[in-house]
6 protein chains.
Amino acid sequence: MTPASQTTRPDGRTADQLRPVTITRNWLDHAEGSVLVEFGRTRVLCAASVTEGVPRWRKGSGLGWVTAEYAMLPRATHTRGERESVKGRIGGRTHEISRLIGRSLRAAVDLGALGENSIAIDCDVLQADGGTRTAAITGAYVALADAVSWLGERGKLAKATPLVQSVAAVSVGVIDGQPRLDLAYEEDVRAGTDMNVVCTGDGGFVEVQGTAEGAVFDRATLDALLDLAVAGCAELTAVQQRALRSDAGPA
Amino acid sequence: MTPASQTTRPDGRTADQLRPVTITRNWLDHAEGSVLVEFGRTRVLCAASVTEGVPRWRKGSGLGWVTAEYAMLPRATHTRGERESVKGRIGGRTHEISRLIGRSLRAAVDLGALGENSIAIDCDVLQADGGTRTAAITGAYVALADAVSWLGERGKLAKATPLVQSVAAVSVGVIDGQPRLDLAYEEDVRAGTDMNVVCTGDGGFVEVQGTAEGAVFDRATLDALLDLAVAGCAELTAVQQRALRSDAGPA
Amino acid sequence: MTPASQTTRPDGRTADQLRPVTITRNWLDHAEGSVLVEFGRTRVLCAASVTEGVPRWRKGSGLGWVTAEYAMLPRATHTRGERESVKGRIGGRTHEISRLIGRSLRAAVDLGALGENSIAIDCDVLQADGGTRTAAITGAYVALADAVSWLGERGKLAKATPLVQSVAAVSVGVIDGQPRLDLAYEEDVRAGTDMNVVCTGDGGFVEVQGTAEGAVFDRATLDALLDLAVAGCAELTAVQQRALRSDAGPA
Amino acid sequence: MTPASQTTRPDGRTADQLRPVTITRNWLDHAEGSVLVEFGRTRVLCAASVTEGVPRWRKGSGLGWVTAEYAMLPRATHTRGERESVKGRIGGRTHEISRLIGRSLRAAVDLGALGENSIAIDCDVLQADGGTRTAAITGAYVALADAVSWLGERGKLAKATPLVQSVAAVSVGVIDGQPRLDLAYEEDVRAGTDMNVVCTGDGGFVEVQGTAEGAVFDRATLDALLDLAVAGCAELTAVQQRALRSDAGPA
Amino acid sequence: MTPASQTTRPDGRTADQLRPVTITRNWLDHAEGSVLVEFGRTRVLCAASVTEGVPRWRKGSGLGWVTAEYAMLPRATHTRGERESVKGRIGGRTHEISRLIGRSLRAAVDLGALGENSIAIDCDVLQADGGTRTAAITGAYVALADAVSWLGERGKLAKATPLVQSVAAVSVGVIDGQPRLDLAYEEDVRAGTDMNVVCTGDGGFVEVQGTAEGAVFDRATLDALLDLAVAGCAELTAVQQRALRSDAGPA
Amino acid sequence: MTPASQTTRPDGRTADQLRPVTITRNWLDHAEGSVLVEFGRTRVLCAASVTEGVPRWRKGSGLGWVTAEYAMLPRATHTRGERESVKGRIGGRTHEISRLIGRSLRAAVDLGALGENSIAIDCDVLQADGGTRTAAITGAYVALADAVSWLGERGKLAKATPLVQSVAAVSVGVIDGQPRLDLAYEEDVRAGTDMNVVCTGDGGFVEVQGTAEGAVFDRATLDALLDLAVAGCAELTAVQQRALRSDAGPA
């Protein structure tokens, strides 16, 4: 393997460098929490919607519920994709990513403290340039935090602090034998191995999903990718914290 | 009827005044034409996608094709709506508006001059505050114009000028007996009569769709509403022209 | 524009003349109101079905509900169309017309006087020769009136007279520069401008839906078309009243 | 068992008597063959649509194809049924009957003589009072015969006489221990055993479908039901022949 | 017709001979009743699932409910078939057979004695070689019997003996003019006439479904086929009884 | 963490012990490769279907294609699940697992050597007791190998050895703080962390999918789980090899 810091990437980054990341809170007027998150040219709108009560199967449990739905606008990509509403069915990839985001966010929340409230997080990809699922998780956490604050300000939480930890996510992959952080689309299609990692703010793993797209990977590569990912998530955690500290709440 | 210029509206506008309108071109990197159009808090992303060739039933005709699809993000509205992809079917309102946008845009185009090229315009409502279909048409025309230029620059048009006229659209309605221009959501739900009007740049009618939501309307009211709408469309035409003259093309 | 009364049409009518219109009440044995309406060769079966109670979202409001569904038999048209049940989805045109009929009929009814009863009107086109949606509205009003009488005879209305006004509908269009009333299919496909107008029995507008299919229209054309439509609806209102006065009620 | 000729039925028929049967040819203007068939109050519109060519899997075989689709209008029945197009799926009963009609009609046709032409027969129940599937088959055969004549008049048949035999169908059942012919709805729901029989004009069996709805049946009952059905089909065959001899062809 | 006992069939059987039939009880660990039934190479897994309570429309009736669902694994057949879950809709044949199995099993049960319990029987064809629906019914009866015993052992039946009679089913058909019992796939595709017969243990008819696939049949053929089927069902009843007597219940 | 070899599990296994694994080849008569794989009480039927040619988007590439579909019979589980064909849509979990199996199997194949042939592997869970996706991958590889041999014997491969490596899969998880191999259902629902690992025969990673179901995991836990999984996959590889060496090919 080539050392991660020595190769130049198509956009001039070093192998262990994130793309410019911005998180714009309160991008929408109606949602209880909303974020436009950008990882380079990847742009995802995350909207958190609060409803009182929980799905029927959960009623009376004292526990809240957090779900997520991921989707792409038809022209988020280089060529236009047909709408899933027009096809009449949701594709496997969409299902898979929605489930991943939901699980990841639930790891951030003490559902008992949330009380019997539901938060649905919609992650709609406005523009895709690789890493849409990791950008979505990273942005959705901030939207979720705002929605939880909204509930807290209205005295609707069962306990004071339902957010037990933050979550952030990043992709890593091996391109031309070199492990790299936060792949853009151009790199993603060339990656032999591709991994998405979701970490908590203090560096624990929530999800590790590695796939050999063409080239089987060994333990050393896996370790190198995890190191890159943990460091990347730590940086993303800092961006999330700055965004949440800023005075960007709803008027 | 109360004179249109004398009543104050919830947002302080006069009865014949549009909300602030902005048209941001090239909001997306991949689409051949793209516009973020805002009518006050209503925000619609319009993306024009060019493909060579036309649907099978049109092949060999020498004519191009222009279609549109309209959709709303789930949390564009005050309370979250279920996704049509999750429901597995497209609702009547969505179908109706998609068809209206498509017909309106085709009125702007000489399909013979376009040659056997297809342009699909996706209008996705990111935030809704009334007038989403009229904002969509107004913005989509600009995205269409950029897509036509894109074809022209690549020498792919059958004739030089497929755009025969511009189209813009606005809503009008009667609130408390007073005809008003460009209804925001708060006014829209209170309107006894509601009309959407699509005009060409020189004031011809493309579509007139008036509905008595609770109160039947007479010929005088219809005339007053049409007057307001024609004036409103003229203003929107001017905004479109300014946007298209600005130096906002893709790098 | 050519004067409306001077041109001969394919079927020999003058420009301001309706096709022969017949309304046959009680065409079905089970429905609370049913009508076979014919506008020339266009033949629509309208069946009104009463159910006690209203949809859940309306319960306890004291208000009734009226809806409509429009559909075409596969061989109503010149060439066979695939069934929407076989396709597994309802098309945009069907949705659009169903919504139009429902809105038009609700304009005829005081939903408070109806009480918490629901009336569903099915309009199934047995044969199509242009003007199916306007024939459907015109016939459906009569089926609705019979269903309301059925409720009245059983003492199930909240107030005596839920029908506040009658509604009828007709199409108008411009063919070869001439405004014409009640287009048959052969004329409809050649129309540059096409308008469907729904009026109340006393000449108020319920819906005005004008579309430039190829040729933008100006204010004078719009006025001429509205004049034709209002006169046509007045004639249809007279046909409805004759049908309702006749002794055609269920045995 | 009670002798079939001695009990009076709800509508005064003897046990071996058909309801009044009428077959009205050319009920539609566009279809190549069309019939309104009535078995008492059961009313089914049968439309035969000819298209040149056959489905892809049959191309080049020299054989034609005949299919059928059965459906009910929502208010054909005593209480309104939801449309299958609205549900988004076709029910088992509809599927089952469509397949039965198609198989039965194909028994009437020499598909080689038909040549590579397709005939689709739509059987839409306008009003249901028991026996809709058997009325549909009986009427559809006449519509099919007219469609075959239409092909013959245009010189499009591979051989002169694709119709090798006629088919007709009738229901029989056991009510209160008595075998009866052609059950109306009121009898159908009370039948312990129910059978639909499709015969050719010369008395051969095409389909025999007997079901014990509550009471198992023995061989003697089966024989009695078959006797009734064969006699009933012979009468229906005579009605079909009279209809086809009448001067009711398209102008 | 050739005498049923004199012709040799592809697999060496006489015309009135069943294929080897095996019924393996308790093939699954979770289901309240489960059977792997084999008619030669046809292999169907029948699983009976008990739930307390009945569908809403049946609540408070004191009656139980029995349903069935039939399906084929994609590679049960010679060439792979697309999954109905992937197509998004259930085919007509599947619907038809599911309904047949459900009706047949309900003939075996006193639904009042069952009490307000539901039993759903899933019949999944693991391998198909003709006669899948008749094997399914024959096996499903045994799974049903085990599920009823399961309810009885837990004291959940309204009366002691809900099973009023056993049911078994077999196919018969005419190949080369000869009536034959229990057709394998190779014979089934060549059969001019095909019949499925469901009998009770004491020889009564529950369902008789005969179809002329190409050759109309006369009364003598029908009689010969019924004789074969009744004898075949009697043999199958004996196999069912042996299986149920064996000590094969869950540990 | 507790040492993996010291705790007793519900079924008496040590923490690093697989359940009894059996692979029965040629379980079906029609499929080109078929396997019944059992991991304890988990039973999956894997059928490989060969078709000549590839999907349209791949034609002319010289490359073959391998896909997989996973599904569960309704009563594979403790309580009956509704069929996805009846629901009319495939769930997210099913989609996710089908995609995982397909990707894993493609890692085993040189698609160029396969030539333009397609192999579809259906993995139907007959009984579920945890680890259905890992059992499916492990069994599917063997069915794939038999299907490749089938192609080879018929001279239809582009090159001699399309199988470049074997793949096998196993689940691991942390229960009560202890890493364990091959979780049965009872353990699976209690696992704080759950991981599915797909390895090649020589120990490389194809997929690593770890999820914190309730408890975030650290690097040491991840390492311990990977060690267990790699050892478990090695054992499964040996079972696969034994099965493939046995004389179990089709007659």
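None of these values were measured; they are calculated from a predicted model. Computation of the quantities below employed the complete heavy-atom set of this structure, encompassing side-chain atoms and omitting hydrogens, waters and symmetry-equivalent molecules. Just so we're on the same page: letters track the sequence lines, and every chain starts at 1.
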Salt bridge (Lys or Arg N to Asp or Glu O under 4.0 Å) evaluation trace for C/Arg13 with C/Asp182: CA-CA 10 Å; C/Arg13 283 186 284 154; C/Asp182 186 23; 3.7 Å; yes

query: Using non-hydrogen atoms only, which part of D/Leu28 is less than 4.5 Å away from chain C: side chain, backbone, both, or neither?
result: both

Within 6.0 Å of CZ in D/Arg154, more than 12 heavy atoms from elsewhere: yes

- request: Might you work through the side-chain contact (heavy atoms from CB on, under 4.5 Å) test for C/Val54 and C/Lys59, ending with a clear yes or no?
  value: CA-CA 6 Å; C/Val54 284; C/Lys59 271 188 188 149; 4.2 Å; yes

- request: Give me the contact list for residues 77-109 of chain D versus chain C, heavy atoms only, anything under 4.5 Å, ordered by residue number.
  value: D/Thr77, D/His78, D/Arg80, D/Arg83, D/Glu84, D/Ser85, D/Val86, D/Gly88, D/Ile90

task: Kindly confirm or rule out a cation-pi arrangement of D/Arg25 over D/Trp27, judged by NZ or CZ under 6.0 Å from the six-membered ring centre and within 45° of its axis?
output: no

query: When rounded to the nearest 0.5 angstrom, what distance separates CG in C/Asp129 from CZ in C/Phe39?
result: 12.5 Å

- prompt: Going by atom types alone, do C/Glu207 and C/Asn196 pair a side-chain donor with an acceptor below 3.5 Å?
  reply: no

task: Take D/Leu144 and D/Ile119 through the side-chain contact (heavy atoms from CB on, under 4.5 Å) test and state the conclusion after the steps.
output: CA-CA 8 Å; D/Leu144 172 66; D/Ile119 303 179; 3.8 Å; yes

message: Only heavy atoms, only distances under 4.5 angstrom. Which residues in residues 132-143 of chain D are near chain C?
response: none

- request: Please list, chain by chain and in numerical order, all residues satisfying side-chain hydrogen bond (donor to acceptor under 3.5 Å, both in side chains) with C/Arg58, sequence neighbours excluded.
  value: none

message: According to salt bridge (charged side-chain N to carboxylate O under 4.0 Å, His left out), does anything in residues 44-54 of chain C pair up with another residue at least two apart or in another chain? List the pairs.
response: C/Glu52-C/Lys156

task: State plainly whether the residues D/Glu186 and D/Arg9 are in salt-bridge range, i.e. N to O under 4.0 Å.
output: no

